[in-house]
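Only a predicted model underlies this, so the values are computations on that prediction, with no experimental measurement involved. So that the names make sense, note that chain A is the first sequence line, chain B the second, and so on, each numbered from 1.
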There are 2 protein chains.
Amino acid sequence: MIEYSRQPHYLVAVDCIVFGFDGEHLKILLVKRGLEPEINKWSLMGGFVGANESPDDAANRVLKKMTGLEGVYLEQMQIYGEPDRDPIERTLSVGYFALIDIHKYEAQLNDDYEAEWFLINDRPKLIFDHNQMVADARKKLRYKAALHPILFEMLPKKFTIPQLHILFEEVNDTKIDTRNFSRKITSTGLLIKLAEKDRTGSKKGAFYFKLDKKKYHANSQAFLNLMPNLKV
Amino acid sequence: MIEYSRQPHYLVAVDCIVFGFDGEHLKILLVKRGLEPEINKWSLMGGFVGANESPDDAANRVLKKMTGLEGVYLEQMQIYGEPDRDPIERTLSVGYFALIDIHKYEAQLNDDYEAEWFLINDRPKLIFDHNQMVADARKKLRYKAALHPILFEMLPKKFTIPQLHILFEEVNDTKIDTRNFSRKITSTGLLIKLAEKDRTGSKKGAFYFKLDKKKYHANSQAFLNLMPNLKV
DNA sequence: ATTATTAATTGTCAAAACGACAATTAATAA
DNA sequence: TTATTAATTGTCGTTTTGACAATTAATAAT
């Protein structure tokens, strides 16, 4: 019978695909890898799972260490475990995708954190299977965002409908009718209209909204239908 | 800088939650654990990830070994990696859920495979965090099945609408209106009506249907809306 | 001061989907 | 021939959807 002692042991790592939104385009946060092999090549932010932490813990620790941010939206994606994915030694990696408010990160930015934002469509080639991870994460983000109100995680506390609109178009790489989008997003009952207006970028100005946190957290599992002609 | 050699190494396993349907109720397939600790206790079917296989490979191998079945519907769920989840040695486990036609398995059944079906709602207590895994798998099955036509995987090639209807009710633990269900499921265009009828269980008999494999595989990613009042 | 311009906001309407509800049909058993 | 049972098909008002256009609030130009 199989015994524990006979079984091979592996390294286990986490890798995070960190998405942000600059108001126009979807971006991801990359770092220069600090260890061999492939040192100084661009890579996802990741690290090994320590002895006293779960993979979720490890992902949060890595994010904290590399961006200074805590409590970010983090979701387990899938495990990457092809035997030869790491040339040095067998390493299985748990992929996570994270959504952060790009401005929060920029506020934290200093020399301790040598991460850099790249346009999702204009990013350097990454090491190992990280390119595949990014592709998978993007697909999963699109899937999830079509059903659940998670894209708010990439916007500031105060945001406008047009901002949200562009974000949805970016994530889904498609045009969405302004009027129908507006109707749909407000009909969720998740938005609270503020008195203040955002006057940058237009003469008329667009009203700020904030998220109704109570409803948001109460209904974070609800199936919405946020995309027209919903297909994946 | 962190080096590979300094990092701890762990065992990596897979565990499969195997769902089946006996025509009335949802069931899961359990095995008696063959190694210490907790030997002879009921557990999910699982095994360690070998040196030359991916976790997906391992899950398929385990399923083949314990049921004799190949090519079953298998989907990665999530990783279970709390440091102390295995009392002997740190082991991370990748959870999978599988959908199989219960009759196919019964056909294969012999002494080599000492697995046993249990009603999902009347199952023995399982080892480690396997109870949590079952709960998670059930939730995920419900989620996925509400959007994608995967429950067919638990039915024979020929099946009737009433069979499908009961299966949907079982998975979602709710009553579904027969007429609306029928309309919805046929409007997907995924079903092909056969001339033959199933005469067991009713006087009138119910027409057999089969899956339109072409459309099924072409549209396996399509978002359907298979549950009324869809919530999670 | 009036007008042009720009982007945000609100509005219309026909088609489709939905959900609640009941009648009909095809078989067997009495 | 009739009663019984379960499968199948049907109705209808409401809501949601998606395609499309008009109005409004501000600033810039004349």
Run the ring-centre check on A:F128 versus A:Y80 and record whether the distance is less than 6.0 Å.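 Distance test on ring centres: not under 6.0 Å, no.
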Between B:N180 and C:dA20, is there a side-chain N or O to OP1/OP2 distance below 4.0 Å? no
Kindly say if B:N225 contacts the phosphate of C:dC18, meaning a side-chain N or O under 4.0 Å from OP1 or OP2.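 Checking B:N225 against C:dC18: at least one side-chain N or O falls below 4.0 Å of OP1 or OP2.
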Heavy atoms from other residues, nucleotides or ligands near NZ of B:K210 exceed 12 (cutoff 6.0 Å): no
What do you reckon, is NZ of B:K157 surrounded by more than 12 foreign heavy atoms closer than 6.0 Å?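 Count not over threshold, so no.
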Parallel, tilted or perpendicular, judged at 30° and 60°: which one describes the rings of A:F19 and A:F97?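 Taking A:F97 first and then A:F19, their aromatic rings stand perpendicular (interplane angle over 60°).
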Mind running side-chain hydrogen bond (donor to acceptor under 3.5 Å, both in side chains) on B:D198 and B:T200 for me, showing each step along the way? CA-CA 6 Å; B:D198 168 31; B:T200 68; 2.9 Å; yes
Which one is paired to [N], where only Watson-Crick or G-U wobble pairs with both distances under 3.5 angstrom count?
| N | result |
| --- | --- |
| D:dT9 | C:dA22 |
| C:dA14 | D:dT17 |
| D:dA28 | C:dT3 |

Atom-pair distance ([atom1] on [X]; [atom2] on [N]), nearest Å:
| X | N | atom1 | atom2 | result |
| --- | --- | --- | --- | --- |
| A:K203 | C:dT5 | NZ | C1' | 4 Å |
| B:D198 | C:dT28 | CG | C1' | 15 Å |
| A:K184 | D:dA19 | NZ | P | 11 Å |
| A:I176 | D:dA19 | CD1 | P | 12 Å |
| B:R199 | C:dA29 | CZ | P | 12 Å |

Between the protein and nucleotides 7-9 of chain D, are there any N/O to N/O pairs under 3.5 Å, and if so, what are the atom names and distances?
| from | atom 1 | to | atom 2 | distance (Å) |
| --- | --- | --- | --- | --- |
| D:dA7 | N3 | B:K204 | NZ | 2.8 |
| D:dT8 | OP1 | B:F207 | N | 2.9 |

Criterion side-chain hydrogen bond (donor to acceptor under 3.5 Å, both in side chains) on B:S93 and B:D15, from CA distance to verdict: CA-CA 7 Å; B:S93 181; B:D15 283 299; 2.6 Å; yes
side-chain contact (heavy atoms from CB on, under 4.5 Å) against B:R179, all qualifying residues, sequence neighbours excluded: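 Partners of B:R179 by the side-chain contact (heavy atoms from CB on, under 4.5 Å) criterion, ordered by chain and then number, come out as B:D177.
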Touch class at under 4.0 angstrom, heavy-atom based, for A:R183 against every strand present: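 It contacts base atoms.
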